[in-house]
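One structure is given below, represented as structure tokens, and several questions about it will come after.
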2 protein chains.
Amino acid sequence: MRSQKREFTIGALSKYSSVNIETIRYYEKIKIMPSPPRSEGGYRLYNDSHGRRLSFIRRSRELGFSLEEIRGLLTLVDDKSYTCAQVENITVNHLNTTRRKIADLQKLEVVLDGMVSKCHGGHVPDCPVIDALSL
Amino acid sequence: MRSQKREFTIGALSKYSSVNIETIRYYEKIKIMPSPPRSEGGYRLYNDSHGRRLSFIRRSRELGFSLEEIRGLLTLVDDKSYTCAQVENITVNHLNTTRRKIADLQKLEVVLDGMVSKCHGGHVPDCPVIDALSL
DNA sequence: CTTGAGTCTGTAGTTCCTACAGGGTTTATC
DNA sequence: GATAAACCCTGTAGGAACTACAGACTCAAG
């Protein structure tokens with residue numbers, strides 16, 4: 001189960017992380033992903049830690065965080081010289097928006113689930129979906 | 001508490017819904033928001049239901065749904081002539097991604113919460129945030 | 001009836017990707 | 001070891017979802 005030191009190319013990384021090759025290169029350009037070592041011929045060579053970092057970015061994006069928010073969290077991973085006050089500032093903020101998102105999604109879940117149930121019951125239901133997240 | 005038939009301009013709608021004026025006009029252009037009636041002089045005049053719809057869109061965007069996904073859900077609100085099969089198709093899909101997002105956010109919540117606690121304890125914690133959402 | 005805040009249309013810029021084009025590299029096959 | 005298929009390289013141009021003007025018009029307050 002321990003992680004081998006195997007390397008893989010950008011295509012493999014793309015498949016593993018479900019991030020497009022072009023997007024991976026874009027992330028390197030804007031320095032949210034590090035520049036990996038290269039092969040003789042100039043191919044990028046990645047390892048497992050690149051894969052984990054990239055998956056984290058992808059899923060965070062799907063959860064509606066901006067690249068700048070993600071970059072903020074990742075500095076905590078990259079730079080070990082932070083004070084507690086700085087860590088807290090970034091983390092508490094992220095935690096608050098995370099909790100707000102969970103609450104919103106749960107409201108949405110209730111409404112959608114209700115619609116599916118009514119459909120199973122044979123009625124075409126009204127769609128009160130807007131009311132779940134308005135205001 | 002019953003809703004008055006009051007009208008308001010785009011600026012008021014923007015404040016109420018926390019959506020930029022330009023974005024509201026953009027949403028009208030791409031037909032995800034309806035064209036509202038106009039005043040004599042050509043000003044857009046909105047009512048409460050525009051406000052609710054717009055808030056729904058904003059919050060859905062913050063939760064990482066694309067405008068096309070949101071448009072899909074909104075057709076259920078706009079068009080009352082759907083069959084149950086069609087409603088179910090759209091709704092079940094949205095419900096699944098909603099649940100996946102909740103699960104991911106909860107994992108993130110645990111990790112962030114752990115970091116805040118450790119910080120309160122006086123230690124600058126490691127940041128295992130990537131592990132929460134990798135793979 | 002003027003003044004200033006608000007709105008109009010239209011266009012150009014930003015962020016975050018996505019899709020080529022034209023060329024070099026790796027690897028599997030003969 | 002030649003050669004093709006599959007892969008990767010850089011660079012640029014396009015798309016989605018905004019955002020920020022510019023220049024002109026409207027409206028409400030004094």
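So that the names make sense, note that chain A is the first sequence line, chain B the second, and so on, each numbered from 1.
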Next on the checklist: Is there a side-chain contact between B:R44 and the phosphate of C:dT7, meaning an N or O under 4.0 Å from OP1 or OP2?
Outcome noted: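 The answer is no; no side-chain N or O of B:R44 sits under 4.0 Å from OP1 or OP2.
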
Item to check | Short side-chain N/O contact from A:S39 to OP1 or OP2 of C:dT26, under 4.0 Å | outcome: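 True: A:S39 side-chain N/O within range (under 4.0 Å) of C:dT26 OP1/OP2.
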
Item to check | Exercise: identify the closest heavy-atom pair between B:M115 and A:V87 | outcome: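 What the structure gives for the nearest pair is CE-CG1, 3.8 Å.
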
Next on the checklist: If the helix axis at each end comes from five base pairs, how far does the helix from C:dC1-D:dG30 to C:dC30-D:dG1 deviate from straight, to 10°?
Outcome noted: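 Helix axis angle between the two ends: 10°.
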
Checklist entry - For D:dT19, does OP1 or OP2 lie under 4.0 Å from any side-chain N or O of B:T23? => result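 For D:dT19, OP1 or OP2 has a side-chain N or O of B:T23 closer than 4.0 Å.
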
Checklist entry - Closest to the B:L67 side chain: C:dT26, C:dC17, D:dA17? => result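 The nucleotide sitting nearest to the side chain is D:dA17.
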
Checklist entry - Parallel, tilted or perpendicular for B:F65 and B:H94, by the 30°/60° rule? => result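 Parallel, since the angle between the ring planes stays under 30°.
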
Next on the checklist: Given C:dT26, D:dC18, C:dA19, identify the nucleotide with an atom nearest to the side chain of A:E22.
Outcome noted: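 For the A:E22 side chain, the nearest candidate turns out to be C:dA19.
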
Next on the checklist: Using a distance-only criterion (donor-acceptor N/O pair, under 3.5 Å, no hydrogens), is the base of D:dC7 paired with the side chain of A:Y43?
Outcome noted: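 Such a pair exists between side chain and base.
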
Next on the checklist: Does a side-chain N or O of B:T9 approach OP1 or OP2 of C:dT7 to a distance below 4.0 Å, or not?
Outcome noted: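 The answer is yes; a side-chain N or O of B:T9 sits under 4.0 Å from OP1 or OP2.
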
Checklist entry - So which nucleotide from C:dT26, C:dC8, C:dT11 ends up closest to the side chain of B:I10? => result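 Looking only at heavy atoms from C-beta outward on B:I10, the closest nucleotide is C:dC8.
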
Checklist entry - Hey, is the side chain of A:R38 poking within less than 4.0 Å of OP1 or OP2 on D:dT10, counting only N and O atoms? => result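 It does, given that an N or O in the side chain of A:R38 lies less than 4.0 Å from OP1 or OP2 of D:dT10.
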
Checklist entry - Just by modelled atom types, is the B:A85 backbone N or O under 3.5 Å from a matching donor or acceptor in the B:E88 side chain? => result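 Checked: no pair found.
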
Checklist entry - What pair of heavy atoms forms the shortest contact from B:L73 to B:F56, and how long is it? => result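 Minimum heavy-atom separation between B:L73 and B:F56: CD1-CZ, 4.0 Å.
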
Item to check | Any B:R25 side-chain nitrogen or oxygen under 4.0 Å from OP1 or OP2 of C:dT9 | outcome: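 Answer no for this pair, as no side-chain N or O of B:R25 is under 4.0 Å from OP1 or OP2.
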
Next on the checklist: I'd like to know if the side chain of A:N47 reaches the main chain of A:S49, judged simply by a donor and an acceptor atom lying under 3.5 Å from each other, with no hydrogens or angles considered.
Outcome noted: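 Side chain of A:N47 to backbone of A:S49: a pair is present.
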
Checklist entry - Can you tell me how far P of C:dT7 sits from CD of B:E28, to the nearest Å? => result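 Whole-Å distance recorded here is 14 Å.
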
Checklist entry - Within the distance-only criterion (no hydrogens, no angle test), does the side chain of A:Q86 pair as donor or acceptor with the backbone N or O of A:T83 below 3.5 angstrom? => result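 Yes.
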
Checklist entry - So which heavy atom on B:S17 is nearest to which on B:L13, and how close? => result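 Closest heavy-atom pair between B:S17 and B:L13: OG-O, 2.8 Å.
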
Item to check | Below 4.0 Å: OP1/OP2 of C:dC17 and any side-chain N or O of A:Y27 | outcome: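 Yes, A:Y27 has a side-chain N/O under 4.0 Å of OP1/OP2 on C:dC17.
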
Checklist entry - Closer to the 5' end of DNA chain C via nearest nucleotide, is it B:K29 or A:I57? => result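 Result: B:K29.
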
